[in-house]
Amino acid sequence: MVDERIAIYPGSFDPLTLGHDDIVRRSLRLVDRVLVAIAATATHDKSATCPLERRVEITREVYADEPRVEVVSFNGLLVDFARESGARLIVRGLRAVSDFEYEFQMALMNRSLWPEIEVIFMAPSNQYTFLSSSLVREVARLGGDVSSFVPAAVLRELVKVYGDAVAGG
Ligand code: PNS
C-alpha cells in the first residue's frame with residue numbers, strides 16, 4: 001500500500017493485558033497497521049517471567065484474526081527498529097500521572113535519537129486504568145482469578161503455568 005501508516009506499539013507484554021489490547025485496537029483507528037513490538041531489552045530492568053519467543057507466540061495468537069496487527073520481537077534500540085520497519089509513530093498507553101515521567105523521558109530520548117519519530121500517548125478505557133502486567137503476574141502467581149484482565153490466549157498460558165484457579169476455576 002502506498003503511504004501506508006504504520007504505528008509501533010512497543011513493550012514487554014509480560015503478559016499482554018486487556019489494557020494493552022485496548023490500546024492496540026484504538027491505534028487501529030488511526031493507522032493502517034500496528035506492529036506490536038516485544039522488546040528483548042526493557043528500559044526498566046525487569047526479569048521476564050515468560051521467554052520472549054513464547055510471548056511473541058501467544059501475542060500472535062491474540063491477533064490471529066486481525067490482519068492489520070503484526071507481532072514481532074526486536075533487539076536493540078526501538079528507534080532503529082522503527083526506522084527499519086518504516087514506522088514513524090510510536091504509541092504508548094498512559095494510565096495515570098504516575099506513568100507520565102517514565103513515558104515522557106523515553107519519548108524525548110527516542111526523539112533525540114531519531115528526530116523523525118513521533119510518540120503519541122493514548123488513554124485506555126476507564127476499566128483498564130489500574131491494570132498492569134506486573135499486577136496480573138502477581139495475582140496469577142498467588143492463584144487469583146485474572147480472567148477479566150487478559151485475552152483468552154494469554155489466560156490459557158497462565159492456566160498452564162499457574163493452574164485452573166487463575167481462570168476462576
Ligand atoms: O512495557 P515496558 O516494559 O514499559 O516497555 C518499555 C520499552 C520496551 C518500550 C522500552 O524499554 C524500549 O523501548 N526498549 C527498547 C530499547 C530502547 O530503545 N531503549 C531506549 C528507550 S528511550
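Values in this document were obtained by computation on a predicted structure and should not be read as measured data. Remember, it's 1-based here, ligands and their atoms both numbered in the order they're listed.
- Rounded to the nearest 0.5 angstrom, T59 OG1 and E70 CD are separated by 13.0 Å.
- Contacts of Q105 with ligand 1, taken as heavy-atom pairs under 4.0 Å, are absent altogether.
- Ring orientation note: the planes of F74 and F81 are close to parallel, at an angle under 30° on the 30°/60° scale.
- Heavy-atom proximity to A39, at under 4.0 Å, picks out these atoms of ligand 1: 8 (C).
- With salt bridges taken as basic N to acidic carboxylate O contacts below 4.0 Å, none links R60 and E57.
- Within the listing of ligand 1, atoms 22 (S) sit less than 4.0 angstrom from a heavy atom of M109.
- If you number the atoms of ligand 1 from 1 as listed, the ones under 4.0 Å from a heavy atom of G76 come out as 15 (C), 16 (C).
- A37 approaches F13 most closely through the heavy-atom pair O-CE1, 3.8 Å.
- Although no hydrogens or angles enter the test, the distance criterion places a donor-acceptor pair under 3.5 Å between the side chain of N110 and the main chain of M106.
- Between T41, V79, L78, D14, it is T41 that holds the heavy atom closest to atom 14 (N) of ligand 1.
- Of the possible donor and acceptor atoms, none in the side chain of R95 sits under 3.5 Å from a partner among the backbone N and O of P124.
- Proximity to F74 (heavy-atom distance under 4.0 Å) selects the following atoms of ligand 1: 15 (C).
- Here is the list of ligand 1 atoms found below 4.0 Å of a heavy atom in L77: 17 (C), 18 (O).
- With ligand atoms numbered from 1 in the order given, ligand 1 contributes 2 (P), 4 (O), 6 (C) to contacts under 4.0 Å with heavy atoms of Y102.
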